[in-house]
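Just so you know, these numbers come straight off a predicted model, no measurement behind them.
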Amino acid sequence: MDSINPSNRIKADSLTEILEQQLKPDKEYDLIAYNALKLDKQEVGAYLKEKLEKFKADGIRSVSTSMRRLLTIYDFIENK
């Protein structure tokens with residue numbers, strides 16, 4: 001979590017709370033990653049699946065560091 005920018009280390013209790021802030025994508029990914037242990041795993045999984053399907057549909061071949069971090073954290077939580 002030390003790699004997350006300190007300005008993006010804001011506590012949130014739900015994914016909805018984070019999404020309602022309408023942040024730039026990288027900040028949104030960082031906030032979700034920072035709060036991942038408190039958020040509903042199924043909601044985060046559905047969010048990630050939707051994002052990855054959109055990336056694929058849009059032909060995006062690489063993702064940002066913040067998204068890779070979020071995917072890694074989610075993988076650790078889901079498969080611990």
Side-chain angles (χ1 to χ4, degrees):
M1 296 295 179
D2 290 339
S3 63
I4 295 175
N5 185 317
S7 68
N8 295 346
R9 296 179 193 174
I10 301 167
K11 293 183 180 182
D13 295 320
S14 71
L15 182 59
T16 303
E17 181 182 337
I18 294 169
L19 298 178
E20 285 175 347
Q21 296 180 40
Q22 299 181 334
L23 304 165
K24 291 183 179 180
D26 283 341
K27 186 163 187 160
E28 183 175 284
Y29 305 150
D30 279 349
L31 279 175
I32 296 169
Y34 183 72
N35 291 285
L37 292 174
K38 295 189 295 182
L39 302 178
D40 182 281
K41 285 192 305 188
Q42 291 177 336
E43 284 183 7
V44 174
Y47 169 85
L48 288 171
K49 184 176 179 183
E50 180 182 320
K51 287 290 182 183
L52 292 173
E53 286 174 354
K54 183 168 179 9
F55 291 164
K56 184 177 179 182
D58 292 347
I60 296 173
R61 300 181 56 80
S62 65
V63 295
S64 68
T65 299
S66 295
M67 176 54 91
R68 285 194 305 272
R69 180 185 303 114
L70 174 56
L71 289 166
T72 301
I73 289 170
Y74 176 76
D75 184 49
F76 283 138
I77 291 170
E78 189 66 27
N79 298 302
K80 53 175 161 173

Discussion item. For residues 71-80, which residue pairs pass the salt bridge (Lys or Arg N to Asp or Glu O under 4.0 Å) check, not counting sequence neighbours?
Written reply: none

Practice prompt. Go through the steps to decide whether Y34 and N8 satisfy the test side chain to side chain contact (heavy atoms under 4.5 Å, CB included), and finish with yes or no.
Written response: CA-CA 8 Å; Y34 183 72; N8 295 346; over 6 Å; no

Discussion item. Measuring from atom CG of D30 to atom OG of S3, what distance do you get when rounded to the nearest 0.5 angstrom?
Written reply: 7.5 Å

Practice prompt. Kindly say whether I4 contributes a backbone atom to a donor-acceptor pair with the side chain of R9 at under 3.5 angstrom?
Written response: yes

Response to the item:
When every non-hydrogen atom of I18 is compared with those of L23, the smallest separation belongs to O-CD1, 4.3 Å

Item to complete: Determine which pairs satisfy side-chain hydrogen bond (donor to acceptor under 3.5 Å, both in side chains) with at least one residue from residues 39-56, sequence neighbours left out, and list them in order.
Response: E28-Y47, K54-D58

Practice prompt. State, to 0.1 Å, how close K11 and E17 come at their nearest heavy-atom pair, and which atoms those are.
Written response: O-OE2, 4.1 Å

Worksheet item: When hydrophobic residues are tied together by side-chain contacts of less than 4.5 Å, even through go-betweens, does Y29 share a cluster with L15?
Response: yes

Worksheet item: Which atom names give the shortest non-hydrogen contact between A12 and L39, and what distance separates them?
Response: O-CD2, 4.4 Å

Worksheet entry | Partners passing side-chain hydrogen bond (donor to acceptor under 3.5 Å, both in side chains) against T72 (at least two apart in sequence or in another chain) | none

Discussion item. Which Ile, Leu, Val, Met, Phe, Trp or Tyr residues join F76 in one cluster when any pair of side-chain heavy atoms under 4.5 Å counts as a link?
Written reply: none

Item to complete: Find the distance between NZ (K38) and CG (D13) and round it off to the nearest 0.5 Å.
Response: 5.0 Å

Worksheet item: Partners of S7 by side-chain hydrogen bond (donor to acceptor under 3.5 Å, both in side chains), sequence neighbours excluded?
Response: N5

Worksheet item: Is a side-chain N or O of D26 found less than 3.5 angstrom from the main chain of S64, in a donor-acceptor match?
Response: no

Practice prompt. Mind listing the closest non-hydrogen atom pair of L70 and L48 along with its distance?
Written response: CD2-CD2, 3.6 Å

Worksheet entry | Contacts of type side-chain hydrogen bond (donor to acceptor under 3.5 Å, both in side chains), residue T65, not counting sequence neighbours | R68

Fill in: hydrophobic_cluster_shared for Y74 and F55, side chain cutoff 4.5 Å
yes

